[in-house]
Every structure is written in C-alpha cells, then in structure tokens.
2 protein chains.
Amino acid sequence: MGLEPADVDKLDDIVKRNRPSHRGDYLFREGDKFQCLYIVKTGSVKTYAPREDGGEQVLGFHLPGELIGLDAIEKCRHHCSARILETSAVCEVPFVQLEELSTTIPSLQHQMYRLLSREISQDENMLTLLGKKNAEERLAAFLISLSERFKRRGFSPSDFHLSMSRHEIGNYLGLAVETISRLFTRFQDEGLLKVERKHIQLLEIERLIAIVQGEERTSSQRTFP
Amino acid sequence: MGLEPADVDKLDDIVKRNRPSHRGDYLFREGDKFQCLYIVKTGSVKTYAPREDGGEQVLGFHLPGELIGLDAIEKCRHHCSARILETSAVCEVPFVQLEELSTTIPSLQHQMYRLLSREISQDENMLTLLGKKNAEERLAAFLISLSERFKRRGFSPSDFHLSMSRHEIGNYLGLAVETISRLFTRFQDEGLLKVERKHIQLLEIERLIAIVQGEERTSSQRTFP
DNA sequence: AAAAACGCTTGATCCAGATCAATCGAAACT
DNA sequence: AGTTTCGATTGATCTGGATCAAGCGTTTTT
C-alpha cells in the first residue's frame with residue numbers, strides 16, 4: 001500500500017498475531033481503555049454500541065482485511081464493543097506505537113489519514129441507507145456490500161456464508177428480524193438468490209444492484225402486462 | 001489544543017481566511033477534486049450526498065468551529081456537496097500543506113487522528129439514531145445536539161436560530177417535513193420549547209434529554225392518573 | 001433419545017409516520 | 001400594493017414494516 005519494504009518490516013514488528021479467537025469472544029468492550037487497533041485476518045467480527053434504551057445497535061460486520069477500533073482514538077476509550085462471530089484470527093496493533101511509527105514514515109501517516117477518511121465515507125454511506133431506503137433496498141445493499149468485500153479478498157462474490165444471525169442483520173439495517181426473514185424468502189422466490197440457513201448464493205447480482213439503486217421493481221409474479 | 005505557540009503560528013500560516021460567503025454558495029460539490037478542509041468561523045453550512053434515486057441525503061449541519069471535508073481524504077475527491085446556509089465566514093486549509101506540517105509536528109498529527117476519529121464517532125452515533133429511534137426522539141436529539149454545540153462555542157444553549165429549513169431537518173433525520181412541523185407544534189404544546197418560524201427557545205432541556213434517552217413519555221394532556 | 005433452547009419462518013394485525021391535499025403566511029418580485 | 005413563490009402548518013388517508021403470535025427445524029443439553 002505504498003510503503004517501502006523496510007517500513008513494512010517496521011510495521012510488521014509492532015503487529016501482534018494472536019491465536020484464533022472463538023465465537024462470542026470479545027476483542028474489547030464498550031468503556032474499555034483504547035490500546036490497540038484490530039485487523040481481521042480470517043473470520044468475522046461485529047461491533048455494536050449500547051443504546052440509551054438498553055438495547056444494542058450493530059455498527060458493522062468486519063471481514064478479513066478490515067480494521068476495527070478507529071472510533072476510539074479521540075477519547076482513548078472504546079464506546080462500542082467488538083465480538084467474534086465465528087472462529088477468527090485477529091491481529092493487534094498497539095496504537096501508540098503505530099502513531100510513533102507514523103511520525104517517522106510519512107507514507108504511513110498518509111495511509112492512516114486515508115483509512116480514517118474511508119471509515120467516515122462508509123459511515124456516511126450507511127447514513128444514506130438508513131435515512132431513506134426501504135427494507136428491500138437495505139437488504140440488497142447489505143448483500144452487495146458483502147459480495148464486493150468477499151470478492152476483493154479473493155473469496156466468491158456470489159456464494160458465501162453469513163456468520164451473523166437474522167437478528168443481527170435486522171438490527172444493523174434498522175429492520176425487524178421478521179422483515180429480514182420475509183425478504184430472504186421473497187428474494188429467493190424472485191430468483192435473485194438462493195438461501196439455505198446461513199448459506200447464500202447470489203444468482204442475479206445485477207438485479208440486486210438495480211434494487212439498491214431504487215430501481216422500480218418488476219415483480220416476477222406480474223402476469224398481466 | 002496541545003500545540004506549541006510556534007506550531008500554532010505555522011498552522012496559522014497555511015490557513016486561508018476567505019471573505020464571507022452567502023446563502024446557497026458552494027464550498028465544494030460532489031465530484032470536485034479534494035484540495036482543502038474547511039473550518040466554519042461564523043454562520044453555518046450543510047453537507048449532503050446525492051442518492052441513487054436522484055434525491056439528496058443531508059449528512060450534517062456544521063456550526064462555528066467545526067471541520068468539513070474529512071471524508072474526501074481517501075479518494076482525493078469530494079463525494080458530498082457543501083453549501084452555505086446563512087452568511088458565513090469559512091476558512092480553507094490546504095490539505096497537502098496540513099499533512100506536510102503534521103509530519104513535522106507530532107502533536108498536530110495526533111490532533112488530526114483525534115479529529116478524524118471524532119467524526120467517525122459522531123457518524124456512528126447518528127447511525128444509532130437512524131437505526132432505532134422514533135420521530136420525537138430524533139428531533140429531540142437534534143435540538144439537544146445543536147444546543148450543546150452552541151453552548152460550547154459560547155452562544156445561548158436555549159435560544160437560537162435555525163438556519164436550515166424544516167425540509168432539511170427532516171431529510172437529515174430521515175423524516176418527512178410534515179412530521180417535523182407536527183413535532184415542533186407538539187413540543188410547543190407540551191411546553192418543551194417555544195418556536196416561532198426559525199427562532200427556537202428550549203424551555204425544558206432536561207425533559208428533551210429524557211426524550212432522547214427513550215424515556216416513557218408522560219403526555220401533558222394526561223388527566224386521569 | 002428426549003427435552004429444552006434457540007434461531008428462523010410464516011401469518012395476522014396494528015400503528016407511526018408517509019403521503020396526499022389544502023391553506024396560510026412571509027418574503028421576494030413586479 | 002398586488003402578485004408570485006416558497007416554506008410551514010394542519011387535516012385526512014394510506015401503508016410499509018413493526019409487533020404479536022404460532023409453529024418449525026436445528027442444535028445443545030441432559
């Protein structure tokens with residue numbers, strides 16, 4: 001990512017590779033002191049914030065290659081929790097050391113700014129989704145997002161495993177579990193995908209993308225044109 | 001903010017103070033090349049992103065002291081537009097120069113990380129709001145947020161001018177204009193605030209905060225306990 | 001192997017807030 | 001001063017998705 005090999009080594013030296021973590025393990029909890037950023041190597045992680053009403057808001061699902069904990073830099077304290085969704089390998093990067101390193105390696109500093117900025121863009125994108133999109137646009141956007149992220153990491157973009165529950169998807173998308181379940185059924189009936197428990201096959205990615213873009217739905221059961 | 005006076009001077013040297021801008025002026029538009037961050041000195045600015053369906057999503061309202069444009073660092077391109085809401089003074093900070101300066105001033109680098117991190121936290125907070133809160137909780141949260149930000153800058157926390165339209169508030173909060181209008185009327189009827197056109201007086205900030213926290217509403221017209 | 005627990009699906013009903021429609025009022029323009 | 005324009009309010013109606021309520025598989029526990 002634009003670093004000299006020597007610099008990559010230095011970065012490599014401060015990264016701590018942990019043994020695999022298991023479903024339900026915490027990377028950190030809301031209120032913990034901020035020490036490290038976390039990078040998912042394999043598996044998946046969810047982050048969620050407590051709500052005033054006692055519930056939780058899922059903030060994101062993190063796949064291999066993705067960074068967790070950037071929101072804790074300012075206050076040096078985590079205001080969300082991070083839990084492992086399936087057996088995962090997650091690296092730790094002590095932030096103080098990363099910061100020191102970035103003062104001596106301008107391209108690392110630049111990369112850090114970019115990473116933080118990207119996180120902001122992603123959140124803003126999510127705001128647009130929650131602000132105006134309807135239920136099927138949200139689920140389609142979610143599936144396309146997963147698909148693209150898997151693809152970028154060399155996994156199949158059309159055939160994957162959902163490591164999170166329907167409940168967690170619903171929470172993330174601001175929808176009820178029942179709505180998620182009904183939408184999966186409907187998408188399957190319309191031939192957009194095939195779903196069996198947590199195994200998803202996207203059959204018509206193009207049409208899913210069209211749905212995300214708010215395209216007028218052409219219901220497949222329409223019989224009288 | 002933790003910088004040496006000499007460093008403040010260096011920072012000061014790269015900040016460009018512009019003449020006042022007027023309502024409707026653009027700081028930048030979606031698609032523009034990213035050159036500068038913007039700091040609101042006086043007045044207010046809104047940022048908004050285009051939606052796939054042709055509409056717009058208001059991403060934020062920016063008051064004096066607040067920074068605009070952090071989401072553009074990654075791609076070196078703005079993916080939202082920023083428009084002046086009322087006659088405002090806005091400074092420009094050329095990002096390349098800021099970045100150079102931050103390689104030589106570690107405390108400035110640290111401050112940059114904090115600013116970016118804070119933006120992420122704020123967006124995550126907004127996700128929680130859009131994910132589960134109902135209409136009155138959203139408007140109450142919006143008003144409390146404005147109140148706190150005005151207070152921090154030395155303005156009245158309970159008596160202020162809304163520089164944005166009801167339509168823009170609704171768009172920002174994921175609600176229809178009519179809902180915003182009805183809520184203002186209701187809040188006023190309940191004695192929480194006084195609203196006249198764009199002039200707001202918060203009469204019972206405590207109760208507004210209680211609403212944000214999802215507290216069970218005690219309707220003022222309840223007559224049979 | 002039975003039973004408990006949990007996640008998912010499906011159906012029925014309800015409601016918060018959207019949408020539609022009309023009016024009003026302030027500000028900008030002749 | 002009158003007219004147009006645009007934002008705000010208010011009322012009536014509609015609806016997408018929440019909520020309530022069963023069942024149904026799977027997995028885990030005993």
Side-chain angles (χ1 to χ4, degrees), chain A residues 22-24 46 51 53 55-58 85-87 129-142 161-190 193-200 211 214 216-217 219, chain B residues 22-24 46 51 53 55-58 83 85-87 129-142 161-189 193-200 211 214 216-217 219:
Chain A
H22 301 96
R23 177 169 180 79
K46 75 162 173 175
R51 286 205 313 265
D53 66 5
E56 290 169 356
Q57 174 68 43
V58 173
L85 284 169
E86 63 189 324
T87 302
L129 185 139
L130 292 178
K132 269 281 173 292
K133 290 191 187 296
N134 66 23
E136 64 179 16
E137 288 163 357
R138 293 182 196 194
L139 185 60
F142 173 69
H161 177 85
L162 294 177
S163 57
M164 68 296 288
S165 68
R166 306 284 195 266
H167 183 87
E168 288 165 329
I169 296 173
N171 183 308
Y172 178 58
L173 298 176
L175 299 170
V177 200
E178 294 93 330
T179 303
I180 303 298
S181 184
R182 280 185 248 269
L183 284 172
F184 271 130
T185 306
R186 191 189 326 166
F187 282 175
Q188 180 163 261
D189 291 347
E190 294 180 359
L193 50 76
K194 198 160 153 16
V195 52
E196 195 195 340
R197 196 139 183 78
K198 308 217 145 191
H199 178 209
I200 298 282
I211 291 174
E216 199 50 57
R217 298 303 310 289
S219 174
Chain B
H22 301 96
R23 177 169 180 79
K46 73 161 174 175
R51 285 204 315 264
D53 66 4
E56 292 170 355
Q57 174 68 43
V58 173
R83 288 186 88 175
L85 284 169
E86 61 189 327
T87 303
L129 185 139
L130 292 178
K132 268 282 172 293
K133 289 190 188 298
N134 66 24
E136 65 181 17
E137 288 163 357
R138 292 182 196 194
L139 185 60
F142 172 68
H161 177 86
L162 294 176
S163 56
M164 67 296 288
S165 69
R166 305 286 195 265
H167 183 87
E168 288 164 328
I169 297 172
N171 184 308
Y172 177 59
L173 297 176
L175 300 170
V177 200
E178 294 93 329
T179 303
I180 302 299
S181 185
R182 280 185 247 270
L183 283 172
F184 270 131
T185 305
R186 192 189 326 166
F187 282 175
Q188 178 162 262
D189 290 348
L193 51 75
K194 196 157 152 22
V195 52
E196 196 196 338
R197 197 136 180 82
K198 309 217 146 189
H199 178 211
I200 298 281
I211 291 173
E216 198 51 56
R217 298 306 308 291
S219 174

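Just so it is clear, the values below take in all heavy atoms, side chains as well, and ignore hydrogens, waters and symmetry mates. Here is the naming used below: chain letters follow the sequence lines, and residue numbers restart at 1 for every chain.
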Any side-chain heavy-atom pair from [X] and [Y] closer than 4.5 angstrom?
X       : Y       : result
L139(A) : I169(A) : yes
L130(A) : R138(A) : yes
Q57(B)  : Y172(B) : no

Distance check needed: [N] [atom2] versus [X] [atom1], whole Å only.
X       : N       : atom1 : atom2 : result
H167(A) : dA18(D) : NE2   : C1'   : 14 Å
Q188(A) : dC8(C)  : CD    : P     : 15 Å
L175(B) : dA8(D)  : CG    : P     : 15 Å
E178(A) : dA21(D) : CD    : P     : 12 Å
I180(A) : dG16(D) : CD1   : P     : 17 Å
L162(B) : dA26(C) : CG    : C1'   : 17 Å
K198(A) : dC6(C)  : NZ    : P     : 15 Å
E136(A) : dA18(D) : CD    : P     : 13 Å

Salt-bridged, E56(B) to R51(B), with N to O below 4.0 Å?
no

When all nucleic acid strands are considered with a 4.0 Å heavy-atom cut-off, which category describes G170(A): base, sugar-phosphate, or nothing?
nothing

When all nucleic acid strands are considered with a 4.0 Å heavy-atom cut-off, which category describes S165(A): base, sugar-phosphate, or nothing?
sugar-phosphate

Can you work out whether V177(A) or K132(A) has the more 5'-proximal nearest nucleotide on DNA chain C?
V177(A)

Can you identify which nucleotide, out of [options], has its nearest atom closest to the [X] side chain?
X       : options                  : value
N134(B) : dA8(D), dG17(C), dA18(D) : dG17(C)
R197(B) : dA8(D), dG17(C), dC8(C)  : dA8(D)
T179(B) : dT9(D), dC20(C), dA18(C) : dA18(C)

Return yes if the base of dT19(D) and the side-chain atoms of R182(A) contain a donor-acceptor N/O pair under 3.5 Å, otherwise no.
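Flag set: donor-acceptor pair detected.
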
Search all heavy atoms of E136(B) against all heavy atoms of L183(B) and return the closest pair with its distance.
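Reported closest heavy-atom pair: CB-CD2, 3.8 Å.
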
Under-4.0 Å side-chain N/O to phosphate OP1/OP2 contact, T185(A) with dT10(C):
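It does, given that an N or O in the side chain of T185(A) lies less than 4.0 Å from OP1 or OP2 of dT10(C).
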
Do the side-chain N or O atoms of R166(A) get closer than 4.0 angstrom to the phosphate oxygens (OP1, OP2) of dT9(C)?
yes

